[in-house]
Amino acid sequence: MRPFTYTRAGSAAEAARAAAEQPGARFLAGGTNLLDLMKLEIERPAHVIDIGRLPLGDIADADGGLRIGAMATGSEVAAHARVRRDYPVLAQALLAGGSPQLRNKATTGGNLLQRTRCPYFYDTAKPCNKREPGAGCAALGGLSRFSAILGWSEACIATHPSDMAVALSALDATVETVNADGGTRAIPIDELHRLPAATPEHETSLAPGELITAVVLPPPPKGRQRYRKVRDRAAFSAGLASVAVAGDAIALGCVALKPWRARRAEASLAAGAPPVAAAEVELSDAKGHGGSDFKIPLTRRLITAALQAKQS
C-alpha cells in the first residue's frame, strides 16, 4: 500500500481547487477504474479527492435536449425514460459496456475519463509511454489484437475503452466542467479526448484540476439510431470494433485512442455514396499492426451493416 491523503469535497469548485493545488491528486467517484489502477500501482495518487457525494447526479431536460449529471451512473442513464425514447443509441452503448455491477457504480464523468485497457499499459514490467513518458511502446511489435488502426502514433497504439463516449460523439454532446477558479466551460465531446501524437500521457484537453460536472445532449437527431459492437465474447471482453449511428452522424469505437467521428463517411453518404463505399473512404488511411490487421475489414463490415440495418 502506497500512502496517500484523502479528503471529501463539499462542492465541485472545491474539488477542482483542491486538485489543482495538489500535484498528483485524483478524483474518486464510482472508483471502478481508479481503484483497480491503484491496486496495480499504475496510478499512484498522492491525494484522493472524493466527489462521490456531490449533488451531480440529476438527469433533466435542457433546451429540448438532456443534461446528464457527471455522477449519474451508467445504469441510471441507460434506464432513463427520455434516454430510451429519444437517445436509444446511448442506452444501447451503455448496455454494451461492462457488467450490470459496474454500471451500477460507474459514473458518467468517470466513464469519459477511464483509461485504456491496453495489456501493455496494465503490465508494469513492460514499457509504456502512457505510464512513463519516453519509455517506449511495447505494443508496437507486440500482441496488437486490441490496438488502434486510426489516429495512432509511433508513441502509442492504444484504444479508448468507452462505449458511452462513442454514442455521445455521434450525438454531438457537450461536456460541462468547472475549473480551479470556479469558472465553467463547455467542451464539444470530440475535443475532450486527444490522439496520442508524441504525448500519449496527455489524454484529454482538461486543465489541471478541471472537473467534469455534466454531459449535455442537444435535441435528438432525426432518423435512425443504433449501436453495434463486436468482441470476442459477450461479457468480460474488450471490444474489437464498434459503431454508433445517430441520424446522419457516425462514430467509431475501439479503433483509436479517442472516439473516432467518421466525418469522411458522413460526407460520402451526404454526396450519395452507398454505405460500403462510405466505409471504404473512412478507413482509407487505416493501418493495422499485424495482430490488428483484421480490424480494418471488420470495421468496414460493421459500418456497412449498421447503415444498412432497418430502423427498429
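The figures that follow rest on heavy atoms only: side chains count, while hydrogens, waters and symmetry mates do not. Nothing fancy with the numbering, it's 1 onward along the sequence.
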Just to verify, what does [X] make a side-chain hydrogen bond (donor to acceptor under 3.5 Å, both in side chains) with, not counting sequence neighbours?
| X | value |
| --- | --- |
| Arg82 | Asp61, Asp86 |
| Arg67 | Glu176 |
| Arg2 | Glu41 |
| Glu76 | Thr73 |

Nearest atoms (heavy-atom pairs only) where [X] meets [Y]:
| X | Y | answer |
| --- | --- | --- |
| Ala72 | Val77 | CB-CG2, 3.9 Å |
| Gly209 | Ala19 | CA-CB, 3.7 Å |
| Ala256 | Leu195 | CB-CD2, 4.5 Å |
| Thr159 | Thr116 | O-OG1, 2.8 Å |
| Ala9 | Ile49 | CB-CG2, 4.0 Å |
| Ala186 | Thr174 | CB-CG2, 3.4 Å |

So, [X] side chain and [Y] main chain: donor-acceptor pair closer than 3.5 Å or not?
| X | Y | value |
| --- | --- | --- |
| Ser268 | Arg264 | yes |
| Asn33 | Arg115 | yes |
| Gln92 | Tyr227 | yes |
| Arg228 | Leu302 | no |
| Arg194 | Leu192 | no |
| Lys295 | Ser147 | yes |
| Ser205 | Glu191 | yes |
| Thr304 | Arg300 | yes |
| Lys130 | Pro200 | yes |
| Asp181 | Gly183 | no |

Original post:
Is Asp123 paired with Arg131 through a side-chain N to carboxylate O contact shorter than 4.0 Å?
Top reply: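 Salt bridge between Arg131 and Asp123, a charged N being under 4.0 Å from a carboxylate O: no.
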Subject >> Side-chain ion pair, Arg263 and Asp190, N-O less than 4.0 Å >> reply: yes
In terms of hydrophobic clustering (I, L, V, M, F, W, Y; side-chain heavy atoms under 4.5 Å; direct or indirect links), are [X] and [Y] co-clustered?
| X | Y | result |
| --- | --- | --- |
| Ile59 | Leu56 | no |
| Ile212 | Val166 | yes |
| Val83 | Leu217 | yes |
| Phe294 | Leu283 | yes |
| Leu298 | Ile157 | no |

**OP:** Dump the intermediate steps for side-chain contact (heavy atoms from CB on, under 4.5 Å) on Asn129 and Glu154, then the final yes or no.
**Re:** CA-CA 10 Å; Asn129 287 318; Glu154 293 296 328; over 6 Å; no
Can you confirm whether [X] sits close enough to [Y] that some side-chain heavy atom of one is under 4.5 Å from a side-chain heavy atom of the other?
| X | Y | result |
| --- | --- | --- |
| Thr124 | Leu40 | no |
| Leu269 | Asp248 | no |
| Ile187 | Thr204 | no |
| Thr32 | Asn111 | no |
| Trp152 | His289 | yes |
| Pro259 | Ile189 | no |
| Ile51 | Thr107 | no |
| Leu113 | Leu206 | yes |

Euclidean distance, [Y] [atom2] relative to [X] [atom1], rounded to 0.5 Å:
| X | Y | atom1 | atom2 | value |
| --- | --- | --- | --- | --- |
| Glu280 | Glu282 | CD | CD | 11.5 Å |
| Arg26 | Phe4 | CZ | CZ | 13.0 Å |
| Gln101 | Ser75 | CD | OG | 9.5 Å |
| Asp36 | Glu43 | CG | CD | 11.5 Å |
| Arg85 | His80 | CZ | NE2 | 9.5 Å |
| Thr299 | Trp260 | OG1 | CH2 | 12.0 Å |

Subject >> Criterion side-chain contact (heavy atoms from CB on, under 4.5 Å) on Asp232 and Arg145, from CA distance to verdict >> reply: CA-CA 11 Å; Asp232 288 326; Arg145 181 172 177 77; 2.6 Å; yes
**OP:** Please collect all ring-ring contact (aromatic ring centres under 6.0 Å, His included) contacts where either partner lies in residues 182-205, sequence neighbours excluded, each pair once.
**Re:**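 Matches after skipping sequence neighbours: His160-His193.
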Subject >> Qualifying ring-ring contact (aromatic ring centres under 6.0 Å, His included) pairs, either residue in residues 86-122, two or more places apart >> reply: none
**OP:** Apply the test side-chain contact (heavy atoms from CB on, under 4.5 Å) to residues Glu203 and Leu257: give CA-CA distance (whole Å), side-chain angles for both, the deciding distance (0.1 Å), then the verdict.
**Re:** CA-CA 8 Å; Glu203 299 176 339; Leu257 196 53; 5.7 Å; no
Original post:
Does Arg185 CZ have over 12 foreign heavy atoms under 6.0 Å away?
Top reply: yes
Original post:
Looking at His47, Glu14, Gln22, which one forms a side-chain hydrogen bond (donor to acceptor under 3.5 Å, both in side chains) with Thr7?
Top reply: His47
